[in-house]
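Note sheet for the following structure.
Every chain is numbered from 1 and lettered A, B, ... according to where its sequence line falls, protein lines coming before strand lines.
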Amino acid sequence: MEKVGIVGYYQVKPETDIQMSRPEMIFYAARGALDYAGLKRDDLTTVISATNDYYDGKTISNCFTVEAGGAYLKDESKVEMDGAHAVNYGLMRCLSGHHKLALVWGASQPSTFYYSCIRVLENDPTFDRPINLLNDYTAAALGMRAYMNKFGVSVEDIAKVGVKNHKNAAKNPLAWNEAQLPDITVEDILNSEMLSNPVTKLMHALPCDGATALVLAPEGLAKKIIDDPVWITGVGLCQETYYLGDRDLSISVSMEKAAQKAYKLAGINDPRKDIDVVELFEHSAYEELVLAEALGLCEKGKGSSLSSEINGEIPINPSGGNIGAFTPCATGITRIIEAVKQIQGEAKGYQVKDANRAIAHGQIGFCAQNNIVFILEGGKR
Amino acid sequence: MKGEILTTKGAVRAEFDFWVGLYLDKFLDGLEQKKFIGNKCSKCGKVYIPPRKICGDCFEHIEEYVDLPDIGVLTNFTFTKWAISERRPRQSKNIKMIGLVKLDGADSAMLLPILKTEPENLKIGMKVQVVWSEKPQGQPTDIKGFKPIGGA
Ligand SMILES: [Zn+2]
């Protein structure tokens with residue numbers, strides 16, 4: 001695949017209640033990414049955003065973010081998915097040869113609505129909505145139980161993923177304050193409020209306000225903008241069925257297929273050897289294990305024995321991941337930015353040693369119905 | 001939800017008549033007669049309930065309907081004190097038990113309430129049987145839920 005570089009990025013510090021209007025928050029992210037790259041708005045040829053009309057409380061919500069997002073009198077489009085999908089859209093525009101520079105941003109403000117309630121509107125209106133049993137909590141509970149039951153994994157093993165990510169978040173100044181818990185224990189996680197058995201509050205990604213942005217440029221141009229662009233060398237995406245009752249929730253077929261496509265493009269034969277760090281978008285702790293297994297980082301059912309700490313064999317979510325800050329629509333972009341920071345050696349306080357090749361991931365839908373995998377590489381090898 | 005800075009209140013509400021298609025219409029007619037009707041892909045043989053127009057594996061129309069029994073297996077479950085609400089979070093008076101139920105002979109499972117037992121008795125693989133509402137109206141909610149049968 002022809003290379004596209006990430007030449008700028010910015011993360012607005014996620015907050016419980018950000019005390020900014022949506023346009024302000026989006027402006028800081030968009031303008032911050034351009035300033036990082038030393039670019040002007042007029043240098044951009046396209047702007048892609050990731051928002052959700054339901055989360056914004058209005059239809060075609062991108063028509064209100066034109067000025068803030070840097071798209072005024074520009075080529076502009078949006079995806080109604082995770083930010084990682086918007087990056088894919090920006091990537092395609094750069095690869096088309098018709099666009100030179102793409103600004104991609106994602107944002108939402110869950111302090112202004114009830115996230116777990118809005119997600120009920122994702123349900124099939126002809127059966128699941130009248131029956132009314134499916135939301136963010138119950139879907140995660142079904143996924144977690146399916147995984148534990150199939151492979152004999154304990155709740156403690158799942159809680160350990162939450163412990164790792166909350167501790168990692170405490171080292172990342174751009175994680176969500178409420179998720180930065182340096183002294184958390186497995187007991188704390190298991191004793192936190194039960195959302196839907198067996199998922200407790202502290203093993204679940206709880207939404208907060210935030211916006212993130214990055215700038216993409218084709219290879220030749222990227223090298224002129226900054227000395228050390230991080231390159232997107234592979235991408236794969238895959239969608240499976242909506243119906244949870246049709247799927248084996250203990251595995252992720254769509255993640256496996258997405259990863260295989262991305263590995264092929266990037267020339268990766270053995271992800272265990274070739275990948276230095278992984279940033280995953282997980283809604284709940286068990287998902288990190290299911291997704292890591294689908295990436296081929298270990299055998300199925302063995303995710304909890306992976307050495308995934310910051311100084312481990314294959315660090316997963318050194319930034320704290322999505323449990324460290326879940327900013328809906330922005331989080332997939334954040335996962336990519338965190339991977340870029342690792343490759344650049346800029347992840348101060350949670351830096352993985354000698355990271356040069358990373359996986360970043362985004363998803364949408366209940367129990368990760370749709371997954372997108374990016375391979376990112378620096379120039380060190 | 002904001003503190004000192006002024007916010008404006010708003011709500012989004014829209015009415016829809018969702019068209020269910022003839023295949024789901026058949027399923028709902030079945031419920032009114034306290035019967036389960038699924039459909040079967042002629043290519044791969046997979047049996048879906050509620051019926052689907054298209055088999056995801058085969059990308060083919062499904063034309064054949066099959067009657068299914070009112071008993072099946074609990075393939076997954078959870079229980080929660082939180083009400084499933086699209087308006088605002090609230091707790092229910094009772095803990096709600098929720099299960100994926102695969103009817104005998106079906107390949108897909110339905111997410112439905114589990115009744116007449118306690119959370120601690122729930123087990124993956126247990127046999128369950130339907131509890132119909134007293135006056136079925138041809139709606140998904142005609143299925144009140146499923147209850148354990150046999151040893152449970
Ligand atoms: Zn078929």
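Heavy-atom distances place both the backbone and the side chain of F77(B) under 4.5 Å from chain A. In this structure, the portions of L142(A) lying under 4.5 Å from any heavy atom of chain B include both its backbone and its side chain. No part of T241(A) comes within reach of chain B, as not one of its non-hydrogen atoms sits under 4.5 angstrom from that chain. For R87(B), the part lying near chain A is the backbone, with the side chain staying farther off; criterion is any non-hydrogen pair under 4.5 Å. In this structure, chain A has a heavy atom under 4.5 Å from the side chain of K96(B), while its backbone stays farther away. Interface residue P89(B): backbone and side-chain heavy atoms are both found under 4.5 Å from chain A. Heavy-atom distances place both the backbone and the side chain of L111(B) under 4.5 Å from chain A. Heavy atoms of L28(B) lying under 4.5 Å from chain A are absent altogether. Contact of N149(A) with chain B is made through the side chain alone, with heavy-atom distances under 4.5 Å. In this structure, the portion of E193(A) lying under 4.5 Å from any heavy atom of chain B is its side chain and not its backbone. Heavy atoms closer than 4.5 Å to chain A are found in the side chain of V12(B), but not in its backbone. Interface remark: R119(A) contributes no atoms to any contact with chain B (heavy atom separation under 4.5 Å). Neither the backbone nor the side chain of P119(B) comes within contact range of chain A; no heavy atom of the residue lies under 4.5 Å from a heavy atom of that chain.
Heavy-atom pairs under 4.5 Å with chain A were tallied for R52(B), K81(B), K102(B); the largest tally goes to R52(B). Ranked by non-hydrogen atom pairs under 4.5 Å with chain B, the options V199(A), N132(A), L121(A) are led by N132(A). Heavy-atom pairs under 4.5 Å with chain B were tallied for L195(A), L244(A), T59(A), D136(A); the largest tally goes to L195(A). Across T75(B), L100(B), V101(B), L112(B), the residue that shares the most heavy-atom pairs under 4.5 angstrom with chain A is L112(B). Most heavy-atom pairs under 4.5 Å with chain A, from the set G10(B), P50(B), G56(B): that is P50(B). Counting heavy-atom pairs closer than 4.5 Å to chain B, the top-ranked of the candidates I131(A), V120(A), N197(A) is N197(A). Counting heavy-atom pairs closer than 4.5 Å to chain B, the top-ranked of the candidates L133(A), D246(A), N135(A) is L133(A).
One finds no salt bridge joining D29(B) and K26(B) here, because no Lys/Arg side-chain nitrogen approaches an Asp/Glu carboxylate oxygen to under 4.0 Å. Salt-bridge annotation for K300(A) and E256(A): present, with a side-chain N of the basic residue lying under 4.0 Å from a carboxylate O of the acidic one. Between K127(B) and D104(B) there is a salt bridge, since a side-chain N of the basic residue sits under 4.0 Å from a carboxylate O of the acidic one. A salt bridge is absent between R22(A) and E24(A); no separation between the charged side-chain nitrogens and carboxylate oxygens falls under 4.0 Å. With respect to K58(A) and D53(A), no salt bridge is recorded, no charged nitrogen being found less than 4.0 Å from a carboxylate O. Under a 4.0 Å N-O distance rule, the pair K302(A)/E293(A) does not qualify as a salt bridge.
Taking the six-membered ring where the residue is Trp, the centroids of W132(B) and F36(B) are separated by under 6.0 Å.
Between the side chains of E287(A) and Q363(A), at least one donor N or O lies within less than 3.5 Å of an accepting N or O. For the residue pair T138(A) and S196(A), no side-chain donor N or O sits within less than 3.5 Å of a side-chain acceptor on the partner.
In this pair, F113(A) and Y55(A) present their aromatic rings parallel. The plane angle is below 30°, not in the 30 to 60° band.
Geometrically, R247(A) does not engage Y242(A) in a cation-pi contact, judged by NZ or CZ lying under 6.0 Å from the ring centre and within 45° of the ring axis. Within the cation-pi definition used here (under 6.0 Å to the ring centroid, within 45° of the axis), K40(B) does not qualify as a partner of Y65(B).
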